[in-house]
Colleague: 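The structure's right below; bear with me while I get my questions together.
Numbers here are sequence positions counted from 1.
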Amino acid sequence: MERKLKISEIVPKQQILPLIFAFAFNMAVYAGARMIAGEWEHYDIEGALDRRIPLWTPSVAIYLGCYLFWAWNYICIARQAKKDMCRFFAADFLSRLVCFAVYLLFPTTNTRPAIAPDGFWNRAMLFVYKMDAPDNLFPSIHCLVSWFCYIGIRGRKEYPLWYRGASCVMAVLVCVSTLTTKQHVVIDVAGGVLLAELCYWIAKKPSVWKCYEKVLDLVNGMIFTKGSRECRVERKQ
C-alpha cells in the first residue's frame with residue numbers, strides 16, 4: 001500500500017507560513033498598486049537599447065515557465081535552517097515594500113508592439129498582454145523573484161554545483177525573456193536584480209531577520225498551539 005506524502009515532509013509546518021505569506025503579500029502589492037495608481041500618469045522609460053532588442057515571442061515560454069522555478073526554489077529555501085530561512089524571507093518582504101512604494105511614487109509603463117494573432121507563440125504572447133497590464137514595471141518583480149531564487153541557494157553546498165549554476169542561468173534567462181517579450185525594459189531588469197541584492201544584504205543584519213523571526217514565532221505559536229489544544233480536547237472527548 002502506497003504511503004501518502006504529507007506536506008510537512010516537504011516543508012516543516014512551522015516554515016509553511018513564510019511561503020504562504022510571501023505569495024499573498026506579493027499578490028497584494030502587485031494588485032494593490034494597480035488598484036491605487038492604475039489611472040495615474042505613468043512614465044515610459046524605454047531607452048535606445050530597448051528599441052534595439054527584438055520581440056521574440058517564443059521566449060514567453062520562459063517568461064511563464066519561471067513560475068515553476070520560483071515555486072521549487074522558494075520551497076527549497078523554506079527548508080533551510082531557520083536563521084537562513086528568516087533572512088531570506090525578511091529580504092523578500094522588504095523588497096515588496098520597496099516595490100509598492102516605487103509603483104506608487106513613480107508608476108511606469110511601456111509601449112507594446114503590435115502582434116499578428118497567428119501562430120501558437122504569438123497567441124500566447126497576446127494572452128499575456130491581455131492578462132497583464134503594462135504597469136508595475138520598475139523594478140521588475142519577474143527579475144526580482146528570479147534573482148532571489150538564485151541568491152537563496154548561492155554558495156550553499158547542500159545543493160549540487162550544477163543546480164546552483166542552473167538556477168543562475170535560469171534567473172538570467174528570465175531577465176532576458178522580460179526584454180524579448182517586451183514586458184520590461186533594461187532599467188526594470190537592473191532594478192529588480194539590484195533590489196534583490198540590496199534587500200538580501202540588509203536582511204543579513206540580525207536586527208532585521210530576528211524581527212522577522214519574532215513575528216513568525218508569534219504567529220506560528222498562535223496557529224499551532226491552538227491546533228494542538230483542539231486535538232487534545234478532541235482526544236479527551
Side-chain angles (χ1 to χ4, degrees), residues 5-38 63-105 107 128 131-133 135-153 167 171 174 178 183-184 188 191-193 195-200 202-203 208-227 230:
L5 184 66
K6 297 179 180 179
I7 294 178
S8 60
E9 294 177 319
I10 301 174
V11 183
K13 62 181 182 180
Q14 288 84 1
Q15 290 168 236
I16 291 175
L17 186 61
L19 284 170
I20 296 173
F21 180 75
F23 173 77
F25 191 57
N26 181 77
M27 297 300 293
V29 164
Y30 202 78
R34 180 170 290 164
M35 289 175 61
I36 296 171
Y63 186 84
L64 294 176
C66 69
Y67 289 99
L68 295 175
F69 168 57
W70 296 353
W72 179 252
N73 274 37
Y74 267 57
I75 288 173
C76 288
I77 295 163
R79 290 168 56 89
Q80 292 175 5
K82 190 178 182 183
K83 173 184 175 181
D84 300 318
M85 182 271 294
C86 288
R87 184 169 61 188
F88 177 85
F89 284 101
D92 188 78
F93 174 71
L94 287 174
S95 72
R96 298 313 191 281
L97 288 179
V98 174
C99 284
F100 186 70
V102 175
Y103 292 159
L104 297 184
L105 295 173
V128 171
M131 298 300 295
D132 189 22
D135 55 17
N136 293 343
L137 301 183
F138 174 78
S140 164
I141 286 185
H142 245 71
C143 298
L144 173 75
V145 177
S146 296
W147 201 251
F148 264 136
C149 284
Y150 171 55
I151 288 176
I153 66 170
S167 291
V174 173
T178 65
Q183 282 286 85
H184 288 279
D188 300 336
V193 172
L195 180 59
E197 291 285 357
L198 176 62
C199 289
Y200 194 68
I202 293 173
V208 177
W209 70 262
K210 284 187 176 181
C211 181
Y212 183 93
E213 181 185 42
K214 286 180 181 178
V215 175
L216 177 63
D217 287 345
L218 176 64
V219 177
N220 273 332
M222 293 170 61
I223 294 173
F224 294 112
T225 300
K226 180 181 178 181
E230 289 175 351

Colleague: Taking salt bridge (Lys or Arg N to Asp or Glu O under 4.0 Å) as the cut-off, I'd like each qualifying pair that reaches into residues 88-103, sequence neighbours left out, listed once.
Modeller: Asp92-Arg96
Colleague: If we only count heavy atoms from C-beta on, is the Tyr74 to Phe88 side-chain gap below 4.5 Å?
Modeller: yes
Colleague: Output the distance between atom SG (Cys99) and atom CG (Leu97), rounded to the nearest 0.5 Å.
Modeller: 9.0 Å
Colleague: Nearest 0.5 angstrom please: Phe25 CZ to Ile20 CD1, how far?
Modeller: 16.0 Å
Colleague: Side chains of Pro18 and Tyr212, heavy atoms from C-beta outward: is any pair under 4.5 Å?
Modeller: yes
Colleague: Can you give me the closest heavy-atom contact between Val208 and Ile202, atom names plus distance?
Modeller: CG2-O, 3.6 Å
Colleague: How long is the span from the SG atom in Cys86 to the CZ atom in Phe93, to the nearest 0.5 Å?
Modeller: 13.5 Å
Colleague: Identify all side-chain donor-acceptor contacts of residues 143-152 below 3.5 Å with residues at least two apart in sequence or on another chain.
Modeller:
residue	atom	partner	partner atom	Å
Ser146	OG	Trp70	NE1	2.9
Ser146	OG	His142	O	2.8
Trp147	NE1	Glu197	OE2	2.8

Colleague: Does the gap between the ring centers of Phe100 and Tyr30 come in under 6.0 Å?
Modeller: no
Colleague: Looking at Asp84 and Arg79, is there a salt bridge between them, counting it only when a charged N and a carboxylate O are closer than 4.0 Å?
Modeller: no
Colleague: Using every non-hydrogen atom in the two residues, find where Leu195 and Ser95 come nearest and quote the distance to one decimal.
Modeller: CD2-O, 3.7 Å
Colleague: Are the side chains of Phe21 and Leu216 in touch, meaning some heavy atoms are under 4.5 Å apart?
Modeller: no
Colleague: Could you report the tightest heavy-atom contact between Gln80 and Gln15, atom names first, then the distance?
Modeller: O-NE2, 3.3 Å
Colleague: Lys82: what forms a salt bridge (charged side-chain N to carboxylate O under 4.0 Å, His left out) with it, not counting sequence neighbours?
Modeller: Glu213, Asp217
Colleague: Determine, step by step, whether Tyr200 and Arg87 satisfy the side chain to side chain contact (heavy atoms under 4.5 Å, CB included) criterion, reporting the C-alpha distance in whole Å, the side-chain angles of both residues, the deciding distance to 0.1 Å, and the verdict.
Modeller: CA-CA 7 Å; Tyr200 194 68; Arg87 184 169 61 188; 3.8 Å; yes
Colleague: Crowded around Tyr67 OH? As in, over 12 foreign heavy atoms under 6.0 Å?
Modeller: yes
Colleague: Can you tell if the side chain of Ser167 reaches within under 4.5 Å of the side chain of Asn73, non-hydrogen atoms only?
Modeller: yes
Colleague: Rounded to the nearest 0.5 Å, what separates atom CD1 in Ile75 from atom CD1 in Ile77?
Modeller: 10.5 Å
Colleague: Given side chains that start at C-beta, do those of Pro139 and Asp188 come closer than 4.5 Å, heavy atoms only?
Modeller: no
Colleague: Indicate yes or no: at least one non-hydrogen side-chain atom of Val174 is less than 4.5 angstrom from one of Tyr63.
Modeller: no
Colleague: Are any non-hydrogen side-chain atoms of Asn136 and Ile141 less than 4.5 angstrom apart?
Modeller: no
Colleague: Can you check whether Ile223 reaches Val219 side chain to side chain, under 4.5 Å on heavy atoms?
Modeller: yes
